[in-house]
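Quick notes on the structure that follows.
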Number of protein chains: 2
Amino acid sequence: MKTLKIPEATIIRLSVYSRFLYTADKRGIITTSSGDIAEGVGVSPAQVRKDFAYFGEFGTRGVGYNVKDLHRHILKILGLSNIWYVALVGVGNLGLALTSYKGFRERGFHICAIFDSDQGKIGTKIGEVAVQSIDELEKGVRECHAQIGIIAVPAEFAQQVADRLIASGVKAILNFAPVVLNVPPEIELRNVDLAVHLEVLTFNLGMQKA
Amino acid sequence: MKTLKIPEATIIRLSVYSRFLYTADKRGIITTSSGDIAEGVGVSPAQVRKDFAYFGEFGTRGVGYNVKDLHRHILKILGLSNIWYVALVGVGNLGLALTSYKGFRERGFHICAIFDSDQGKIGTKIGEVAVQSIDELEKGVRECHAQIGIIAVPAEFAQQVADRLIASGVKAILNFAPVVLNVPPEIELRNVDLAVHLEVLTFNLGMQKA
DNA sequence: ATTCCAAAGTTAATTATATCACAAACAAGT
DNA sequence: ACTTGTTTGTGATATAATTAACTTTGGAAT
(Lines give C-alpha, C1' and ligand atoms only; values in the text may rest on other atoms or scores of the structure.)
Protein backbone atom coordinates (compact mmCIF):
# COMPACT_ATOMS: atom_id res chain seq x y z
CA MET A 1 0.00 0.00 0.00
CA LYS A 2 1.65 3.14 -1.25
CA THR A 3 0.28 6.62 -0.81
CA LEU A 4 0.12 7.74 -4.40
CA LYS A 5 -2.14 10.22 -6.02
CA ILE A 6 -5.49 8.54 -6.46
CA PRO A 7 -7.32 9.02 -9.75
CA GLU A 8 -10.64 10.71 -9.32
CA ALA A 9 -12.17 8.04 -11.52
CA THR A 10 -11.16 5.56 -8.84
CA ILE A 11 -12.97 7.53 -6.16
CA ILE A 12 -16.11 7.69 -8.22
CA ARG A 13 -15.98 3.96 -8.79
CA LEU A 14 -15.41 3.30 -5.10
CA SER A 15 -18.58 5.20 -4.45
CA VAL A 16 -20.39 2.99 -6.92
CA TYR A 17 -18.88 -0.18 -5.48
CA SER A 18 -20.07 0.87 -2.06
CA ARG A 19 -23.62 1.09 -3.38
CA PHE A 20 -23.29 -2.40 -4.80
CA LEU A 21 -21.95 -3.73 -1.51
CA TYR A 22 -24.73 -2.05 0.40
CA THR A 23 -27.39 -3.89 -1.54
CA ALA A 24 -25.42 -7.13 -1.54
CA ASP A 25 -25.20 -6.91 2.22
CA LYS A 26 -28.92 -6.18 2.55
CA ARG A 27 -29.60 -9.30 0.51
CA GLY A 28 -27.59 -11.33 2.97
CA ILE A 29 -24.65 -12.04 0.71
CA ILE A 30 -21.56 -12.81 2.78
CA THR A 31 -18.80 -13.11 0.23
CA THR A 32 -18.22 -11.52 -3.14
CA SER A 33 -15.45 -11.27 -5.72
CA SER A 34 -13.94 -8.70 -8.04
CA GLY A 35 -15.82 -10.50 -10.80
CA ASP A 36 -19.18 -10.14 -9.06
CA ILE A 37 -18.61 -6.50 -8.35
CA ALA A 38 -17.35 -5.85 -11.85
CA GLU A 39 -20.43 -7.41 -13.39
CA GLY A 40 -22.69 -5.61 -10.98
CA VAL A 41 -21.41 -2.16 -11.74
CA GLY A 42 -20.22 -2.53 -15.31
CA VAL A 43 -16.43 -2.42 -15.18
CA SER A 44 -13.66 -5.01 -15.53
CA PRO A 45 -12.57 -7.22 -12.62
CA ALA A 46 -9.01 -6.00 -12.99
CA GLN A 47 -10.23 -2.47 -12.60
CA VAL A 48 -11.97 -3.34 -9.38
CA ARG A 49 -8.90 -4.94 -7.90
CA LYS A 50 -6.66 -2.12 -9.05
CA ASP A 51 -8.93 0.41 -7.42
CA PHE A 52 -8.81 -1.44 -4.12
CA ALA A 53 -5.06 -1.86 -4.39
CA TYR A 54 -4.56 1.87 -3.95
CA PHE A 55 -5.74 1.51 -0.39
CA GLY A 56 -4.63 -1.89 0.81
CA GLU A 57 -5.50 -5.57 0.67
CA PHE A 58 -9.06 -6.31 1.60
CA GLY A 59 -9.65 -9.79 0.21
CA THR A 60 -8.35 -13.31 0.59
CA ARG A 61 -6.94 -15.02 -2.45
CA GLY A 62 -8.90 -17.90 -3.79
CA VAL A 63 -11.92 -16.75 -1.85
CA GLY A 64 -12.85 -13.14 -2.51
CA TYR A 65 -14.02 -10.33 -0.27
CA ASN A 66 -16.17 -10.33 2.81
CA VAL A 67 -19.02 -8.02 1.90
CA LYS A 68 -19.44 -6.33 5.27
CA ASP A 69 -15.71 -5.87 5.78
CA LEU A 70 -15.08 -4.50 2.35
CA HIS A 71 -18.04 -2.19 2.58
CA ARG A 72 -16.84 -0.83 5.90
CA HIS A 73 -13.38 -0.25 4.48
CA ILE A 74 -14.69 1.63 1.48
CA LEU A 75 -16.96 3.81 3.57
CA LYS A 76 -13.97 4.62 5.72
CA ILE A 77 -11.90 5.52 2.68
CA LEU A 78 -14.63 7.76 1.32
CA GLY A 79 -14.84 9.51 4.66
CA LEU A 80 -18.35 8.24 5.29
CA SER A 81 -17.74 6.64 8.65
CA ASN A 82 -18.71 9.84 10.38
CA ILE A 83 -21.48 12.35 9.91
CA TRP A 84 -21.04 15.36 7.64
CA TYR A 85 -23.00 18.51 8.24
CA VAL A 86 -24.22 20.24 5.14
CA ALA A 87 -25.59 23.72 4.55
CA LEU A 88 -27.96 24.14 1.64
CA VAL A 89 -28.42 27.51 -0.01
CA GLY A 90 -31.39 27.93 -2.31
CA VAL A 91 -34.76 26.29 -1.90
CA GLY A 92 -35.98 26.20 -5.45
CA ASN A 93 -37.16 22.95 -6.89
CA LEU A 94 -33.66 21.63 -7.04
CA GLY A 95 -32.91 22.59 -3.47
CA LEU A 96 -36.11 20.92 -2.37
CA ALA A 97 -35.22 17.80 -4.30
CA LEU A 98 -31.87 17.67 -2.56
CA THR A 99 -33.36 17.98 0.91
CA SER A 100 -35.56 14.99 0.28
CA TYR A 101 -32.91 12.93 -1.43
CA LYS A 102 -32.76 9.73 0.56
CA GLY A 103 -29.28 8.91 -0.59
CA PHE A 104 -27.78 11.83 1.34
CA ARG A 105 -29.16 10.96 4.73
CA GLU A 106 -28.46 7.28 4.22
CA ARG A 107 -24.81 7.96 3.64
CA GLY A 108 -24.21 10.21 6.56
CA PHE A 109 -24.88 13.62 5.08
CA HIS A 110 -26.98 15.72 7.39
CA ILE A 111 -28.45 18.93 6.07
CA CYS A 112 -28.29 21.08 9.17
CA ALA A 113 -29.02 24.52 7.77
CA ILE A 114 -31.09 25.78 4.85
CA PHE A 115 -31.10 29.31 3.47
CA ASP A 116 -33.16 31.23 0.98
CA SER A 117 -33.76 34.85 0.09
CA ASP A 118 -37.51 34.47 -0.47
CA GLN A 119 -39.39 35.95 2.50
CA GLY A 120 -42.24 33.54 1.85
CA LYS A 121 -40.04 30.56 2.42
CA ILE A 122 -38.19 31.77 5.49
CA GLY A 123 -39.43 30.08 8.61
CA THR A 124 -41.10 27.19 6.81
CA LYS A 125 -39.82 23.79 7.83
CA ILE A 126 -38.37 21.30 5.42
CA GLY A 127 -38.17 18.03 7.21
CA GLU A 128 -36.68 18.94 10.56
CA VAL A 129 -34.93 22.07 9.46
CA ALA A 130 -36.36 25.58 9.26
CA VAL A 131 -35.42 27.76 6.32
CA GLN A 132 -33.37 30.75 7.44
CA SER A 133 -32.89 34.09 5.78
CA ILE A 134 -29.84 34.30 3.58
CA ASP A 135 -28.84 37.28 5.73
CA GLU A 136 -28.13 34.85 8.55
CA LEU A 137 -25.97 32.58 6.45
CA GLU A 138 -22.75 33.15 8.33
CA LYS A 139 -24.36 32.71 11.71
CA GLY A 140 -26.37 29.66 10.70
CA VAL A 141 -23.45 27.88 9.07
CA ARG A 142 -21.22 28.44 12.06
CA GLU A 143 -23.85 27.34 14.54
CA CYS A 144 -24.31 23.93 12.97
CA HIS A 145 -20.67 23.48 12.06
CA ALA A 146 -21.38 22.73 8.43
CA GLN A 147 -18.28 21.55 6.60
CA ILE A 148 -19.97 21.25 3.25
CA GLY A 149 -22.07 23.77 1.36
CA ILE A 150 -24.48 23.07 -1.47
CA ILE A 151 -25.21 25.93 -3.83
CA ALA A 152 -28.58 25.69 -5.55
CA VAL A 153 -29.18 29.34 -6.34
CA PRO A 154 -29.36 31.12 -9.71
CA ALA A 155 -26.05 31.53 -11.46
CA GLU A 156 -25.75 35.25 -10.80
CA PHE A 157 -25.71 34.78 -7.02
CA ALA A 158 -23.54 31.69 -6.87
CA GLN A 159 -20.18 33.39 -6.46
CA GLN A 160 -21.21 35.58 -3.56
CA VAL A 161 -22.87 32.64 -1.84
CA ALA A 162 -19.67 30.66 -2.29
CA ASP A 163 -17.61 33.49 -0.80
CA ARG A 164 -19.87 33.71 2.21
CA LEU A 165 -19.93 29.96 2.75
CA ILE A 166 -16.15 29.87 2.71
CA ALA A 167 -15.93 32.84 5.04
CA SER A 168 -18.18 30.92 7.42
CA GLY A 169 -15.87 27.95 7.60
CA VAL A 170 -17.16 25.63 4.91
CA LYS A 171 -14.40 23.46 3.46
CA ALA A 172 -16.12 21.94 0.47
CA ILE A 173 -18.74 23.12 -2.00
CA LEU A 174 -21.08 21.29 -4.30
CA ASN A 175 -22.22 23.77 -6.91
CA PHE A 176 -25.30 23.27 -9.05
CA ALA A 177 -25.23 26.72 -10.61
CA PRO A 178 -23.89 26.76 -14.18
CA VAL A 179 -20.99 29.10 -13.53
CA VAL A 180 -17.30 28.73 -12.87
CA LEU A 181 -16.72 29.60 -9.25
CA ASN A 182 -13.55 31.15 -8.00
CA VAL A 183 -12.46 29.60 -4.73
CA PRO A 184 -9.15 29.31 -2.86
CA PRO A 185 -7.21 26.15 -3.69
CA GLU A 186 -7.73 24.61 -0.27
CA ILE A 187 -11.49 24.56 -0.78
CA GLU A 188 -12.83 21.41 -2.41
CA LEU A 189 -15.18 22.28 -5.22
CA ARG A 190 -17.33 20.16 -7.47
CA ASN A 191 -19.71 21.35 -10.11
CA VAL A 192 -22.80 19.55 -11.27
CA ASP A 193 -24.41 20.80 -14.42
CA LEU A 194 -27.48 18.81 -15.31
CA ALA A 195 -27.66 20.09 -18.87
CA VAL A 196 -24.15 18.84 -19.59
CA HIS A 197 -25.30 15.27 -19.22
CA LEU A 198 -28.08 15.73 -21.72
CA GLU A 199 -25.64 17.31 -24.12
CA VAL A 200 -23.30 14.38 -23.97
CA LEU A 201 -26.27 12.23 -24.88
CA THR A 202 -27.23 14.34 -27.85
CA PHE A 203 -23.66 14.46 -29.05
CA ASN A 204 -23.51 10.69 -28.96
CA LEU A 205 -26.83 10.40 -30.74
CA GLY A 206 -25.42 12.62 -33.47
CA MET A 207 -22.35 10.43 -33.76
CA GLN A 208 -24.46 7.32 -34.27
CA LYS A 209 -26.08 8.67 -37.38
CA ALA A 210 -22.85 10.00 -38.84
CA MET B 1 -10.13 17.31 -39.51
CA LYS B 2 -10.00 13.58 -38.91
CA THR B 3 -12.86 11.51 -37.56
CA LEU B 4 -11.22 9.97 -34.53
CA LYS B 5 -12.76 8.81 -31.35
CA ILE B 6 -13.50 11.90 -29.29
CA PRO B 7 -12.75 11.80 -25.57
CA GLU B 8 -15.85 12.22 -23.47
CA ALA B 9 -13.97 14.79 -21.42
CA THR B 10 -13.75 16.87 -24.57
CA ILE B 11 -17.51 16.72 -25.07
CA ILE B 12 -18.12 17.79 -21.50
CA ARG B 13 -15.74 20.71 -21.94
CA LEU B 14 -17.38 21.72 -25.20
CA SER B 15 -20.60 21.93 -23.30
CA VAL B 16 -18.93 24.19 -20.77
CA TYR B 17 -17.32 26.33 -23.47
CA SER B 18 -20.71 26.79 -25.05
CA ARG B 19 -22.06 28.18 -21.80
CA PHE B 20 -19.14 30.61 -21.67
CA LEU B 21 -19.74 31.69 -25.24
CA TYR B 22 -23.43 32.14 -24.57
CA THR B 23 -22.76 34.66 -21.82
CA ALA B 24 -19.93 36.31 -23.75
CA ASP B 25 -22.30 36.81 -26.67
CA LYS B 26 -25.01 38.21 -24.42
CA ARG B 27 -22.49 40.71 -23.11
CA GLY B 28 -21.84 41.85 -26.65
CA ILE B 29 -18.34 40.45 -26.95
CA ILE B 30 -17.48 39.88 -30.61
CA THR B 31 -14.13 38.17 -30.53
CA THR B 32 -12.50 35.84 -28.04
CA SER B 33 -9.42 33.65 -27.80
CA SER B 34 -8.43 30.27 -26.48
CA GLY B 35 -6.80 32.15 -23.62
CA ASP B 36 -10.01 33.98 -22.72
CA ILE B 37 -12.05 30.82 -22.84
CA ALA B 38 -9.46 28.91 -20.87
CA GLU B 39 -9.45 31.46 -18.12
CA GLY B 40 -13.20 31.69 -18.12
CA VAL B 41 -13.81 28.02 -17.62
CA GLY B 42 -10.69 26.95 -15.76
CA VAL B 43 -8.67 24.90 -18.23
CA SER B 44 -5.50 25.52 -20.25
CA PRO B 45 -5.51 27.36 -23.57
CA ALA B 46 -3.85 24.39 -25.26
CA GLN B 47 -6.68 22.22 -24.04
CA VAL B 48 -9.24 24.53 -25.58
CA ARG B 49 -7.52 24.53 -28.95
CA LYS B 50 -7.03 20.78 -28.85
CA ASP B 51 -10.69 20.23 -28.14
CA PHE B 52 -11.71 22.38 -31.09
CA ALA B 53 -9.16 20.70 -33.33
CA TYR B 54 -11.12 17.45 -33.19
CA PHE B 55 -13.85 19.10 -35.19
CA GLY B 56 -12.19 21.58 -37.51
CA GLU B 57 -10.72 25.04 -37.66
CA PHE B 58 -12.95 27.73 -36.28
CA GLY B 59 -10.61 30.62 -35.62
CA THR B 60 -8.29 32.95 -37.45
CA ARG B 61 -4.64 32.97 -36.45
CA GLY B 62 -3.40 36.07 -34.77
CA VAL B 63 -6.96 37.14 -34.08
CA GLY B 64 -8.98 34.54 -32.25
CA TYR B 65 -12.51 33.27 -32.59
CA ASN B 66 -15.69 35.03 -33.52
CA VAL B 67 -17.94 34.43 -30.55
CA LYS B 68 -21.19 33.93 -32.45
CA ASP B 69 -19.61 31.72 -35.07
CA LEU B 70 -17.81 29.53 -32.63
CA HIS B 71 -20.87 29.21 -30.46
CA ARG B 72 -22.95 28.15 -33.41
CA HIS B 73 -20.38 25.57 -34.39
CA ILE B 74 -20.23 24.08 -30.94
CA LEU B 75 -24.00 23.90 -30.62
CA LYS B 76 -24.05 22.10 -33.94
CA ILE B 77 -21.41 19.66 -32.77
CA LEU B 78 -23.31 18.94 -29.57
CA GLY B 79 -26.44 18.31 -31.56
CA LEU B 80 -28.19 21.33 -30.11
CA SER B 81 -29.10 23.03 -33.34
CA ASN B 82 -32.43 21.27 -33.36
CA ILE B 83 -35.06 20.53 -30.71
CA TRP B 84 -34.94 17.33 -28.68
CA TYR B 85 -38.09 15.89 -27.25
CA VAL B 86 -37.74 14.44 -23.79
CA ALA B 87 -39.99 12.16 -21.76
CA LEU B 88 -39.72 12.43 -18.00
CA VAL B 89 -40.72 9.55 -15.78
CA GLY B 90 -41.21 10.24 -12.10
CA VAL B 91 -42.53 13.47 -10.62
CA GLY B 92 -40.95 13.42 -7.20
CA ASN B 93 -39.00 16.43 -6.05
CA LEU B 94 -36.20 15.67 -8.43
CA GLY B 95 -38.54 15.22 -11.36
CA LEU B 96 -40.19 18.51 -10.53
CA ALA B 97 -36.84 20.21 -10.29
CA LEU B 98 -35.94 18.94 -13.74
CA THR B 99 -39.16 20.20 -15.33
CA SER B 100 -38.45 23.70 -14.10
CA TYR B 101 -34.77 23.64 -14.92
CA LYS B 102 -34.26 26.64 -17.16
CA GLY B 103 -31.10 25.21 -18.68
CA PHE B 104 -32.99 22.46 -20.45
CA ARG B 105 -35.46 24.61 -22.31
CA GLU B 106 -32.81 27.17 -23.12
CA ARG B 107 -30.71 24.59 -24.86
CA GLY B 108 -33.39 23.03 -26.96
CA PHE B 109 -34.61 20.25 -24.71
CA HIS B 110 -38.37 20.10 -24.68
CA ILE B 111 -40.06 17.93 -22.08
CA CYS B 112 -43.04 16.74 -24.05
CA ALA B 113 -44.40 13.99 -21.82
CA ILE B 114 -44.40 13.39 -18.08
CA PHE B 115 -45.39 10.19 -16.33
CA ASP B 116 -46.02 9.15 -12.75
CA SER B 117 -47.70 6.29 -10.96
CA ASP B 118 -49.29 8.45 -8.25
CA GLN B 119 -53.02 8.88 -8.98
CA GLY B 120 -52.98 12.20 -7.18
CA LYS B 121 -50.51 13.63 -9.63
CA ILE B 122 -52.02 12.31 -12.84
CA GLY B 123 -53.82 15.02 -14.74
CA THR B 124 -52.11 17.88 -12.94
CA LYS B 125 -50.26 20.25 -15.20
CA ILE B 126 -46.58 21.03 -14.87
CA GLY B 127 -45.88 24.02 -17.01
CA GLU B 128 -47.61 23.20 -20.26
CA VAL B 129 -47.57 19.45 -19.90
CA ALA B 130 -50.10 17.26 -18.10
CA VAL B 131 -48.84 14.34 -16.04
CA GLN B 132 -49.94 11.04 -17.55
CA SER B 133 -50.37 7.67 -15.92
CA ILE B 134 -47.37 5.45 -16.16
CA ASP B 135 -49.68 2.92 -17.78
CA GLU B 136 -49.78 5.14 -20.84
CA LEU B 137 -46.03 5.46 -21.10
CA GLU B 138 -45.66 3.69 -24.42
CA LYS B 139 -48.49 5.60 -26.02
CA GLY B 140 -47.41 8.95 -24.63
CA VAL B 141 -43.77 8.58 -25.63
CA ARG B 142 -44.68 7.56 -29.17
CA GLU B 143 -47.17 10.37 -29.59
CA CYS B 144 -44.65 13.10 -28.83
CA HIS B 145 -41.74 11.36 -30.53
CA ALA B 146 -39.49 11.59 -27.51
CA GLN B 147 -35.94 10.56 -28.35
CA ILE B 148 -34.64 10.98 -24.84
CA GLY B 149 -36.00 9.61 -21.58
CA ILE B 150 -35.21 10.85 -18.10
CA ILE B 151 -35.65 8.36 -15.28
CA ALA B 152 -36.35 9.96 -11.92
CA VAL B 153 -38.13 7.09 -10.18
CA PRO B 154 -37.04 5.00 -7.18
CA ALA B 155 -34.24 2.57 -7.87
CA GLU B 156 -36.43 -0.52 -7.80
CA PHE B 157 -38.55 0.63 -10.74
CA ALA B 158 -35.78 2.11 -12.85
CA GLN B 159 -35.00 -0.97 -14.92
CA GLN B 160 -38.57 -1.62 -15.99
CA VAL B 161 -39.07 2.02 -16.85
CA ALA B 162 -35.90 1.89 -18.94
CA ASP B 163 -37.14 -1.21 -20.76
CA ARG B 164 -40.45 0.43 -21.54
CA LEU B 165 -38.86 3.67 -22.69
CA ILE B 166 -36.62 1.76 -25.05
CA ALA B 167 -39.52 -0.31 -26.32
CA SER B 168 -41.29 2.95 -27.08
CA GLY B 169 -38.53 4.23 -29.30
CA VAL B 170 -36.36 6.25 -26.95
CA LYS B 171 -32.74 6.29 -28.06
CA ALA B 172 -31.03 7.81 -25.05
CA ILE B 173 -31.61 7.69 -21.31
CA LEU B 174 -30.53 9.95 -18.50
CA ASN B 175 -30.85 7.95 -15.31
CA PHE B 176 -31.02 9.50 -11.86
CA ALA B 177 -31.78 6.28 -10.02
CA PRO B 178 -28.78 4.81 -8.21
CA VAL B 179 -28.75 1.49 -10.04
CA VAL B 180 -26.84 0.02 -12.93
CA LEU B 181 -29.26 -0.24 -15.82
CA ASN B 182 -29.06 -2.91 -18.42
CA VAL B 183 -29.67 -1.51 -21.88
CA PRO B 184 -28.79 -2.59 -25.43
CA PRO B 185 -25.51 -1.17 -26.69
CA GLU B 186 -27.15 1.10 -29.25
CA ILE B 187 -28.97 2.99 -26.50
CA GLU B 188 -27.06 5.93 -25.08
CA LEU B 189 -27.09 5.86 -21.31
CA ARG B 190 -25.78 8.26 -18.72
CA ASN B 191 -26.13 7.95 -15.00
CA VAL B 192 -26.22 10.81 -12.56
CA ASP B 193 -25.79 9.95 -8.93
CA LEU B 194 -25.94 13.01 -6.76
CA ALA B 195 -24.47 11.30 -3.70
CA VAL B 196 -21.35 10.36 -5.63
CA HIS B 197 -20.37 13.99 -5.94
CA LEU B 198 -20.63 14.57 -2.23
CA GLU B 199 -18.56 11.49 -1.63
CA VAL B 200 -15.77 12.70 -3.84
CA LEU B 201 -15.79 15.84 -1.73
CA THR B 202 -15.57 13.99 1.55
CA PHE B 203 -12.82 11.77 0.22
CA ASN B 204 -10.82 14.81 -0.73
CA LEU B 205 -11.46 16.43 2.63
CA GLY B 206 -10.12 13.30 4.26
CA MET B 207 -7.01 13.43 2.09
CA GLN B 208 -6.26 17.01 3.14
CA LYS B 209 -5.93 16.09 6.76
CA ALA B 210 -3.82 12.99 6.11
C1' DA C 1 4.96 46.13 -49.87
C1' DT C 2 7.34 44.60 -45.84
C1' DT C 3 7.83 43.59 -41.20
C1' DC C 4 6.16 42.38 -36.83
C1' DC C 5 2.89 40.51 -33.63
C1' DA C 6 -0.54 37.60 -31.81
C1' DA C 7 -3.01 33.63 -31.62
C1' DA C 8 -4.54 29.48 -34.03
C1' DG C 9 -3.40 24.93 -35.41
C1' DT C 10 -0.28 20.89 -34.94
C1' DT C 11 3.21 17.76 -33.70
C1' DA C 12 5.82 15.74 -30.03
C1' DA C 13 6.55 14.65 -25.16
C1' DT C 14 4.77 13.70 -20.91
C1' DT C 15 1.73 12.09 -17.80
C1' DA C 16 -2.19 9.55 -16.39
C1' DT C 17 -5.22 5.69 -16.70
C1' DA C 18 -6.70 1.19 -17.87
C1' DT C 19 -5.69 -3.51 -19.38
C1' DC C 20 -3.28 -7.69 -19.32
C1' DA C 21 -1.15 -11.62 -17.64
C1' DC C 22 0.94 -14.02 -14.09
C1' DA C 23 2.77 -15.19 -9.51
C1' DA C 24 1.28 -15.70 -4.69
C1' DA C 25 -1.83 -17.54 -1.46
C1' DC C 26 -5.65 -19.54 0.61
C1' DA C 27 -9.30 -23.40 1.02
C1' DA C 28 -10.97 -27.69 0.09
C1' DG C 29 -10.66 -32.19 -1.21
C1' DT C 30 -7.87 -36.41 -1.74
C1' DA D 1 0.88 -33.57 3.29
C1' DC D 2 -0.07 -32.72 -1.36
C1' DT D 3 -2.56 -31.34 -5.20
C1' DT D 4 -6.04 -28.63 -7.49
C1' DG D 5 -8.94 -24.87 -8.28
C1' DT D 6 -9.88 -20.23 -7.53
C1' DT D 7 -9.25 -15.41 -6.91
C1' DT D 8 -6.46 -11.92 -5.19
C1' DG D 9 -2.72 -8.51 -5.72
C1' DT D 10 0.69 -6.54 -8.79
C1' DG D 11 4.34 -5.49 -12.15
C1' DA D 12 4.52 -4.85 -17.01
C1' DT D 13 2.26 -3.26 -21.04
C1' DA D 14 -0.78 -0.70 -23.78
C1' DT D 15 -3.81 3.03 -24.41
C1' DA D 16 -5.53 7.55 -23.69
C1' DA D 17 -5.40 12.29 -22.44
C1' DT D 18 -3.02 16.41 -21.26
C1' DT D 19 0.61 19.57 -21.53
C1' DA D 20 4.20 21.80 -23.76
C1' DA D 21 6.69 23.43 -27.70
C1' DC D 22 6.74 24.68 -32.30
C1' DT D 23 4.96 26.29 -36.92
C1' DT D 24 1.84 28.67 -39.55
C1' DT D 25 -1.01 32.41 -40.87
C1' DG D 26 -3.81 36.51 -40.91
C1' DG D 27 -3.91 41.37 -39.74
C1' DA D 28 -2.06 45.85 -38.54
C1' DA D 29 1.32 49.22 -38.61
C1' DT D 30 5.06 51.45 -40.75
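Just so it is clear: chains get the letters A, B, ... in the order the sequence lines come, proteins before strands, and each one is counted from 1.
- The only member of A:Leu96, A:Leu94, A:Thr99 that meets side chain to side chain contact (heavy atoms under 4.5 Å, CB included) when paired with A:Leu88 is A:Thr99.
- For the pair A:Lys50 NZ and D:dA12 P, the computed distance is 11 Å after rounding to whole Å.
- Counting only heavy atoms from C-beta on, A:Val63 has its side chain closest to C:dA27 among C:dA8, C:dA27, D:dT7.
- OP1 or OP2 of D:dG9 has at least one side-chain nitrogen or oxygen of A:Tyr65 nearer than 4.0 Å.
- Side chains of B:Arg72 and B:Ser81: no donor on one and acceptor on the other come within 3.5 Å.
- Using modelled atom types and a 3.5 Å distance limit, the side chains of B:Arg49 and B:Ser34 yield a donor-acceptor pair.
- Between A:Glu39 atom CD and D:dT7 atom P there is a gap of 13 Å when expressed in whole angstrom units.
- The interatomic distance linking B:Ile12 (CD1) with D:dA17 (P) rounds to 11 Å, in whole Å.
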So A:Arg13 and A:Glu8, salt bridge (charged side-chain N to carboxylate O under 4.0 Å, His left out) or not? Walk me through it.
CA-CA 9 Å; A:Arg13 282 190 300 266; A:Glu8 176 163 306; over 6 Å; no
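- Taking a cutoff of 4.0 Å between a charged side-chain nitrogen and a carboxylate oxygen, B:Lys171 and B:Glu188 do not qualify as a salt bridge.
- Taking atom CG of residue B:Asn66 and atom C1' of nucleotide C:dA7, one finds them 15 Å apart after rounding to whole Å.
- The phosphate of D:dT18 has OP1 or OP2 within less than 4.0 Å of a side-chain N or O from B:Arg13.
- Rounded to an integer number of Å, the gap from B:Phe58 CZ to C:dT10 P is 11 Å.
- Side-chain N/O atoms of A:Ser44 include one lying less than 4.0 angstrom from OP1 or OP2 on C:dT19.
- OP1 or OP2 of D:dA17 has not a single side-chain nitrogen or oxygen of B:Gln47 nearer than 4.0 Å.
- Note on A:Thr10: nothing from the nucleic acid sits closer than 4.0 angstrom, heavy atoms only.
- Between A:Gly62 and B:Gly62, the residue anchored nearer the 5' end of DNA chain C, judged by the nucleotide with its closest heavy atom, is B:Gly62.
- Atom CZ of B:Phe52 and atom P of C:dG9 are 9 Å apart (whole Å).
- In this structure, B:Tyr54 places its OH atom 13 Å from P of C:dT10, rounding to the nearest Å.
- When each of A:Pro7 and A:Arg61 is assigned the nucleotide of DNA chain C bearing its nearest heavy atom, the one mapping closer to the 5' terminus is A:Pro7.
- Look at CD1 on B:Ile37: it is 8 Å from P on C:dA8, rounded to the nearest Å.
- Distances shown here put every side-chain N or O of B:Ser34 at or beyond 4.0 Å from the OP1 or OP2 atom of C:dA7.
- For B:Arg49, the side-chain atoms get nearest to C:dT10 when compared with the rest of D:dG9, C:dT10, C:dA18.
- The phosphate of D:dA16 has OP1 or OP2 within less than 4.0 Å of a side-chain N or O from B:Lys5.
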